[in-house]
Amino acid sequence: MLNYLSLNTSVAFLNLLAQYNKMNTTYFAEIILPLSLDGTFTYHLSETDLQQIKIGQRVSVPFGTQKLYTGIVHSIHQNKPELYKTKAIHAFLDDEPLVTQTQINFWEWIANYYVCSLGDVFRNAFPSALKLESQTFVRLINPNYETIEELNDYEFLVFEALKLREIISVEEAALIVDDKSAIPTLKLLIDKGIIRLDEKLSEKYTPKIDNYVRLHPDLKGNEQQFMEVLNQLSKAPKQREALLQLITLETQLQDKLLKVADFVKQGATNAVIKSLAEKGAVEIYQNQTSRVENEEKDITEISQLTLKQTEAFNQIKEEFKTKSTVLLHGVTSSGKTEIYLKLIEQVIAKRNKVLYLLPEISVTTQIVHRIKKHFGDKVGVYHSKFNQNERVELWQKTLNGDFDIIIGPRTALFLPFDNLGLVIVDEEHESSYKQMDIKPFFHARDMAMLLGGMMNAKTLLGSATPSAESYYNAKNGKYGYIELNERFGQIKLPEINLIDLKKAQKEKEITEDISHTLRDEIFEQLNHKKQVILFQNRRGYAPIMECKSCGHTPECPNCDVSLTYHKFSNQLKCHYCGYAQAKPLRCVSCGSHELNTKGIGTEQIEQQIQTIFPEAKVRRMDVDAMRGKFAYEKLIEDFENKEIDILIGTQMITKGFDFGNVNFVGVIRADSLLNFPDFRAHEKAFQLLTQVAGRAGRRDEQGKVLIQSFQPEHQILQNVTTYSYAPTMKDILYERKEFLYPPYSRLIKLRFKHKNKERLDKTAEQLVILLKSNFDARCLLGPEAPSIGRINNLYITDVMIKIRPNQSPQKVKDLIRAKINQLHTIAAFRSVRIDVDVDPV
DNA sequence: AGCACGCCGACT
DNA sequence: GTCGGCGTGCTC
């Protein structure tokens, strides 16, 4: 009895213990979701989940009332959350992780540094084709519903459709009825218990499948059978010929596969190939085609470095022994690329990977071509014009370790590579490295150094005009510093001269905006069959349109800017929100027909130049002319083939655009660059003009540059003509120190946006009040509306915070986070959007 | 960031 | 009278 009892209790006890253990061994996963919400989200794991879950794996999870989101497994733990009930993971989307642990660490670092959520980083860093969103489907659950007379026409239509196909998507349902009544109709059907809504995930990425052709496997290495087939074809000469051609092609291609389409291009016809296939001579099969395959076939040796280059190369290597970052300051055409190539070669020889960052536009140009030429299919190129499918393939290939080198703009930083040995940031001064439109507002140059540090890689910053920050860091010994101040082949730097526009106007030495000196020079160049580049940093025809009689200027209805006149499309456009209207025939204010334009854009220069040089082939290069995926490549090709005599461009032409046949560059008006209300204006103007000048005389002879300006005496312009980089920087750094700007402080810009101006200003003022006690007056500026105070119907105001060198940036950021949260506890302030921009440019 | 719930203007 | 506008609150 006692035994029985004790046995019984022990069984009960064991059950209890098992249950207890089970409870205690409940596991949870932290999931990163693509939401702008702080932190990760906790889901509980079943035992089977636990078997297959891996950090970095893609999962789908329910979030909110019904939606499924794609998330990434961040971590696994046993801490049961007390404040809310966890849900289960819906599904594992892949067997293996698509994100590495290093990437997760990197994302967290970025979220912390740039004061945004981990979800913001994930959303931006991960290809969107891999972020599945659930689609809502309608499912029939009561096919036997009988009281049909109670259904309205729309309900009946959906019911009938579902009887044929059990499941339809909400979109299909909307097609059956009309768009507007779809949701109400479905609601009624749900209420009647006839249908149910289901969420389904669909993969957005689709592999590209092509038809390929090869010699039939049965004939391969079987000479006798092959001869038989060939003899059978004696009466079909075309087929015989094609078969023999295929053999030749296959030998040439070695292991590469031959697409049917490519075979057709080589002379075979589809009909012939089909007949051959029917006779068993060839085989047509399907295979996945890579969208990111390299075309490059002949790999060439890297050319020998010159003495100067070798010297620089050795210095870089020496500096890398003690410093993780080196700044290579080399004038345009000094041959920085060759040095990069040599370094890359050495790094990949050690089985390390290289990340090569370029400003956006340069990714499509010659540099990429040159790198591919040396490293062939080991080069992965990322570009923002890639479509979603191409991005996915690049991601997967990178994850597989298929590439030794990844080249790309700032987003390439997020590809899943490992084992980096070297990061190159070319044109490091370029402001396009800073992401400004979507969160995270990161600076790719800075994050490249960080990522390099995480993987023990070295970072090489390259520029002809280094940023003030990098120059400062180099001069202070934080980075290694190597100068390369001689052009390749010892060609002299272009001679830069200034043209005084005031004087030219007074002496009538000018036609519209082209001074006669500039005109004569262009004429001279064209006579020598040279191509000319003209720089005007404004697109459109004229930035302002003005009524001659009343002075009215058409403005954007959504933004606080005047509309730019585009003659080509005969429209007035807003460059901030995209608003466009037809050019009005008369002034909307007074009805006058006399409308004037003020200021000049590329379109107007194009027209003026074409008038002066009616025979010349004039082209324009700005975002308006560069629409479409291959517009840029096409233009480069045309320029190379000398189908363009004069190219007029915005700052686009300063990036990766080097051609041997250009000996002269003209700047139409430098003034707009100099008078920018920004503490970086002088730095940017010097860099831009120097870069523009660098386009001239790159190969055989010394180039010439003419800069037109109303203030030729301006110190920056004077310094540009004499290539006085160091003195310019000295002045700039002196001012920065005086006014406590970077690199002598760190900036955080808080940008407030709201459609109601009063509420906006009140909120910004309130946050300043909350922050006031923690900063001295010099370090907390604003709120102040930026020069364009309203974009897309949202009013904007900025608060600037300067962090002194002795302050902890982390503590300041924590403070900002806390104060914004505090502000948001009050409902009235909550609707104002606050963007935190760390290290604004 | 989505998405649902809830309260006020312009329409059949 | 409704439809639908977007303000507000919540999501593991």
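Only a predicted model underlies this, so the values are computations on that prediction, with no experimental measurement involved. The sequence lines fix the lettering, A, B, ..., with proteins before strands; numbering per chain opens at 1.
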Item to check | DNA chain B contacts among residues 28-46 of chain A, heavy-atom distance under 4.0 Å | outcome: A:L35, A:S36, A:L37
Next on the checklist: Once ring pair (Phe, Tyr, Trp, His ring centres under 6.0 Å) is applied, what residue pairs with a partner in residues 112-131 of chain A remain, sequence neighbours excluded?
Outcome noted: A:W107-A:F122, A:W109-A:Y113, A:F122-A:F126, A:F126-A:W395
Rounded to whole Å, how long is the line connecting atom [atom1] of [X] with atom [atom2] of [N]?
{"X": "A:H824", "N": "C:dC10", "atom1": "NE2", "atom2": "P", "result": "15 Å"}
{"X": "A:N821", "N": "C:dG9", "atom1": "CG", "atom2": "C1'", "result": "16 Å"}
{"X": "A:E82", "N": "C:dC12", "atom1": "CD", "atom2": "C1'", "result": "14 Å"}
{"X": "A:R759", "N": "C:dT8", "atom1": "CZ", "atom2": "P", "result": "6 Å"}
{"X": "A:R833", "N": "C:dG7", "atom1": "CZ", "atom2": "P", "result": "16 Å"}

Checklist entry - A:K439 near the nucleic acid: base, sugar-phosphate alone, or nothing, with a heavy-atom cut-off under 4.0 Å? => result nothing
Next on the checklist: Applying salt bridge (charged side-chain N to carboxylate O under 4.0 Å, His left out) as the test, list every pair that has at least one member in residues 134-144 of chain A; sequence neighbours left out.
Outcome noted: A:R139-A:E166, A:R139-A:D198
Next on the checklist: Assess, by modelled atom type and distance only, whether the side chains of A:N558 and A:N792 contain a donor and an acceptor separated by less than 3.5 Å.
Outcome noted: no
Next on the checklist: Would you say A:D120 and A:S36 are linked by a side-chain donor-acceptor pair, where the criterion is simply a distance under 3.5 Å?
Outcome noted: yes
Not counting sequence neighbours, which residues clear salt bridge (charged side-chain N to carboxylate O under 4.0 Å, His left out) with [X]? List them please.
{"X": "A:D798", "answer": "A:R751"}
{"X": "A:R445", "answer": "A:E428"}
{"X": "A:D624", "answer": "A:R539, A:R627"}
{"X": "A:D560", "answer": "A:R790"}

Next on the checklist: Which residues in residues 52-65 of chain A have a heavy atom closer than 4.0 Å to any atom of DNA chain C?
Outcome noted: A:P62, A:F63, A:G64
Item to check | Residues which pass side-chain contact (heavy atoms from CB on, under 4.5 Å) with A:T102, listed by chain and number, not counting sequence neighbours | outcome: A:T100, A:M454, A:M455
Checklist outcome for this item: Taken in chain and number order and not counting sequence neighbours, the residues that satisfy side-chain contact (heavy atoms from CB on, under 4.5 Å) with A:H44 are A:F28, A:T86, A:A88
Checklist entry - What is the 5' to 3' range of DNA chain B, first to last nucleotide, that sits under 4.0 Å from any heavy atom of chain A? => result B:dA1 to B:dA4
Checklist entry - Hey, is the side chain of A:K67 poking within less than 4.0 Å of OP1 or OP2 on C:dC10, counting only N and O atoms? => result no
Item to check | All side chain to side chain donor-acceptor pair (under 3.5 Å) counterparts of A:S432, not counting sequence neighbours | outcome: none
